[in-house]
Amino acid sequence: MSALESFLTEVAGEIGADEISRSDESIERYGENTLPGGDKPPAAIVYPGSTSEVQAIVRAANIHKIALYPNSTGANIGLGTRCATHAGQVVVDMGKRMNRILEVDEKLGYAVVEPGVTYQMLYDELVRLGDTLMMDVTSGPPHGGVLGNALDKGAGYTPYFDHFGFSCGMEVVLGNGEILRTGDGSLDVDNLANWHTSKYSLGPILDGLFTQSNYGIVTRMGMWLLPRPPAVRTFHFTFPDDDDLGEIIELCRPLKMSNFVPSLFRVSNDLYLCGTEVQNPEYEASGGKMSISDEGRKALHMAHGLGSWTVSGAFYGPSMEALEPQIQRVVSHFGQSDKARYVPHERAQEMAPLETATKAFSGIPWSGELGLLKWRPGGGNSWFLPGMTMDGAVANELQSICRGSFEKHGFDYMVMNVCGPRFARGLNVLVFNREDDDECQRADACYREMSEAVIQRGIFVGRAPIDYHGYHMDQVMPAFRDSCNAVKSALDPQGVIAPGRYGIG
Ligand SMILES: Cc1cc2nc3c(=O)[nH]c(=O)nc-3n(C[C@H](O)[C@H](O)[C@H](O)COP(=O)(O)OP(=O)(O)OC[C@H]3O[C@@H](n4cnc5c(N)ncnc54)[C@H](O)[C@@H]3O)c2cc1C
């Protein structure tokens, strides 16, 4: 019997043969992603129902030397979806059976979730409980998961935008099969009082080890929730020209540094917003070989009442009226630019491309932004996520690098800069036809070219599509890489969990 057969037989004895799939349909579905590098079919998929079943799977993998790949909800679209690092790994999908909301503490404002809990599931439960608590959501798939997204250092837009930062307390099955509880959960008693309320407990903060890594399988996580404010009032400003980005960043920074604006700023270019609603009108004419023309792009943003750039943010308070003074202050601040055009909340609610922003600032999962996947045919989608210092000159330089690469390789430049006080994450979306080999090759070349160019300026990515994990790990200093691998050896000595994920192991 092969090692895989022996492993699956042992796992079947622990979790039931029905909770293992090797059907062609499953292999195809779990191997598929939206990246240029091609599918990576797994050897099998196993569906544990509890932490002890995850432990049993990890122990069997150690015995039979099988590589596992954990998934929570597997909606990591644009970064690998539900696909493993390498073909032939066994996917451990916790979305099917480990999808319970274990606790919602309304007094202390947190939820405790298993890996398979999606944003939509948690939102529905909070509404059912009376809608007194608001979670932070991504503007991506509502079927994405609270735990998996936090582990991949995902983020949203409300004051609780930092999903790992607002998580508190994990249970992890380590690569050696042992269970670790982080933070206050490390206390060896059953009646833990502060596991999900205290972030900085005794000893080193181990939680971060389980983000963007492969040292363990997280089976439980606490997530802090904001009391739902009675009113959420968004504001938006459009700017006409591409080079206005520098001025926008200079206007946003002081409002975030003083924390006057409590949300992050979404600074989106025209195609990022219009692309959620329409397909590229020039795709057929160029056979996908050229970027949309400047005239075509301008016509699109004009038709949607937008500019080359649109800035969005939000205030939270007791009523819409109570928020009026803050709105007036922000309008006057942006009024320093004679290029800014104010779009009030009420008007934005009627504009389809701004619907995702208003929903995301309100903590409501929404699928509208997935429309970007249809901008070109073929469903290819890859995200390039460099950091950007909140400095107007740097912003325009980064724009020029990325816009230049998109255009050189015949793609349509789509970006949203998600801005905090000192730093923004640039969400550059490469949409391409995955059924066209030439477009796949160009998408790959474009990604690498942008990466090399930003590195020359000391800029790194903060998260990466799965095909580029090893590529980026090769760009770090040796001591960082060696430290990551040393931790791997300590916590997963046989290297059974997602070998190669983020270039580790
Ligand atoms: C249009 C669009 C908009 C998007 N907007 C956003 C956005 O606003 N913010 C954002 O953050 N992302 C965004 N994304 C990216 C992505 O789709 C989301 O982050 C999504 O939530 C990630 O998938 P998931 O939550 O299902 O995580 P999963 O796929 O379940 O997990 C992510 C990764 O973490 C690892 N992992 C998962 N579970 C475990 C576990 N239990 N233990 C150990 N490792 C584990 C897996 O290896 C997996 O690859 C967007 C994508 C698109 C296409």
Show your working on side-chain hydrogen bond (donor to acceptor under 3.5 Å, both in side chains) between H409 and E449 and close with a plain yes or no.
CA-CA 10 Å; H409 294 281; E449 183 177 285; 3.2 Å; yes
Give the C-alpha distance, both sets of side-chain angles, the deciding distance and a yes or no for salt bridge (charged side-chain N to carboxylate O under 4.0 Å, His left out) between R100 and E125.
CA-CA 11 Å; R100 288 160 287 227; E125 177 63 3; over 6 Å; no
side-chain hydrogen bond (donor to acceptor under 3.5 Å, both in side chains): which pairs involve residues 172-188, sequence neighbours left out?
T182-D207, D184-S201
Which word best sums up how the rings of Y119 and H163 line up, parallel for under 30°, tilted for 30 to 60°, or perpendicular for over 60°?
tilted
Who are the salt bridge (Lys or Arg N to Asp or Glu O under 4.0 Å) partners of D93, not counting sequence neighbours?
none
Can you spot which of L398, L271, N269 makes a side-chain contact (heavy atoms from CB on, under 4.5 Å) with V415?
N269
Go through the side-chain N and O atoms of Y468 and D444 and say whether any donor and acceptor fall under 3.5 Å apart.
yes
Can you see whether F164 has K153 sitting over its ring - NZ or CZ less than 6.0 Å from the centre and within 45° of the normal?
no
Can you tell me how far CG of L126 sits from CD of E106, rounded to the nearest 0.5 angstrom?
8.5 Å
Using residues 424-431 as the side-chain source, report each donor-acceptor pair under 3.5 Å to any protein atom, sequence neighbours left out, with the distance given to one decimal.
{"residue": "R425", "atom": "NH1", "partner": "L385", "partner atom": "O", "Å": "3.2"}
{"residue": "N428", "atom": "ND2", "partner": "F384", "partner atom": "O", "Å": "3.3"}
{"residue": "N428", "atom": "ND2", "partner": "G426", "partner atom": "O", "Å": "3.4"}

E452 and R457 ion-paired at < 4.0 Å
no
As an exercise, state the distance from OG of S213 to OH of Y502, rounded to the nearest 0.5 Å.
10.0 Å
E355/K359 salt bridge by N-O under 4.0 Å criterion
yes
Is the count of non-hydrogen atoms from other residues, nucleotides or ligands lying under 6.0 Å from K374 atom NZ greater than 12?
no
In this structure, is the centre-to-centre distance between the rings of Y413 and F406 below 6.0 Å?
yes
Could you please spell out the steps behind the side-chain hydrogen bond (donor to acceptor under 3.5 Å, both in side chains) verdict for Q475 and H472?
CA-CA 5 Å; Q475 295 164 336; H472 286 303; 2.8 Å; yes
Intermediate values then yes/no, side-chain hydrogen bond (donor to acceptor under 3.5 Å, both in side chains), T9 and S6:
CA-CA 5 Å; T9 305; S6 307; over 6 Å; no
Using modelled atom types and a 3.5 Å cut-off, is there a donor and acceptor pairing between side-chain atoms of Q399 and backbone atoms of A395?
no
S291 versus F411, closest heavy-atom pair with distance:
OG-O, 2.7 Å
Do the charged groups of E284 and R376 touch, with an N to O distance under 4.0 Å?
no
Let me confirm one number: the OG-CZ distance from S21 to R29, rounded to the nearest 0.5 Å.
10.0 Å
Where I57 and F7 come nearest, the two heavy atoms and their spacing
O-CE1, 3.6 Å
Mind checking the SG-CG spacing from C83 to N76? Nearest 0.5 Å is all I need.
10.5 Å
How about R463 and Q212: do any of their side-chain heavy atoms sit closer than 4.5 Å?
yes
Considering non-hydrogen atoms only, spot the tightest contact between N214 and D492 and give its length.
O-OD2, 3.9 Å
Mind running side-chain hydrogen bond (donor to acceptor under 3.5 Å, both in side chains) on S139 and E369 for me, showing each step along the way?
CA-CA 7 Å; S139 54; E369 213 162 276; 3.0 Å; yes
In terms of side-chain geometry, is the basic nitrogen of R434 or E439 positioned less than 4.0 Å from the acidic oxygen of its partner?
no
Could you pull out the closest heavy-atom pair between H469 and G503, with the gap in Å?
CB-N, 3.7 Å
V496: which of I66, I63, N62, V90 passes side-chain contact (heavy atoms from CB on, under 4.5 Å):
N62
Taking everything shown except D131 itself, do over 12 heavy atoms lie less than 6.0 Å from its CG?
yes
Nearest non-hydrogen partners of G80 and N33, listed with the distance
O-CB, 3.4 Å
Sorted by chain and residue number, the salt bridge (Lys or Arg N to Asp or Glu O under 4.0 Å) partners of D136 (sequence neighbours excluded) come out as none
Check whether any side-chain N or O of T219 sits under 3.5 Å from a backbone N or O of E171 as a donor-acceptor pair, and report yes or no.
yes
Do NZ/NE/NH1/NH2 and the carboxylate oxygens of E114 and R97 come within less than 4.0 Å?
no
Nearest heavy atoms of G495 and P499, plus distance in Å
O-CG, 3.6 Å
Report the distance from atom OG1 of T132 to atom CG of L226, rounding to the nearest 0.5 Å.
11.0 Å
Is the CD atom of E25 crowded by more than 12 outside heavy atoms at less than 6.0 Å?
no
Using ring-ring contact (aromatic ring centres under 6.0 Å, His included) as the criterion, list what pairs up with Y283, not counting sequence neighbours.
none
Does a side chain donor of either Y69 or R501 reach within less than 3.5 Å of an acceptor in the other side chain?
yes
Are the side chain of S286 and the backbone of G288 linked by a donor-acceptor contact shorter than 3.5 Å?
yes
Going from CG on L151 to CD1 on I217, what distance comes out if it is rounded to the nearest 0.5 angstrom?
11.0 Å
Those residues at least two apart in sequence (or on a different chain) that pass side chain to side chain contact (heavy atoms under 4.5 Å, CB included) with T118 are T73, Q120, M121
Evaluate the side-chain proximity of C484 to Y215: yes if any heavy-atom separation is below 4.5 Å, no if none is.
yes
Under 3.5 Å, is there a donor-acceptor pair between the side chain of N280 and the main chain of W375?
no
With a 4.0 Å cut-off, would you call R442 and D438 a salt bridge?
yes
Do Y110 and E103 have side-chain atoms, one donor and one acceptor, less than 3.5 Å apart?
yes
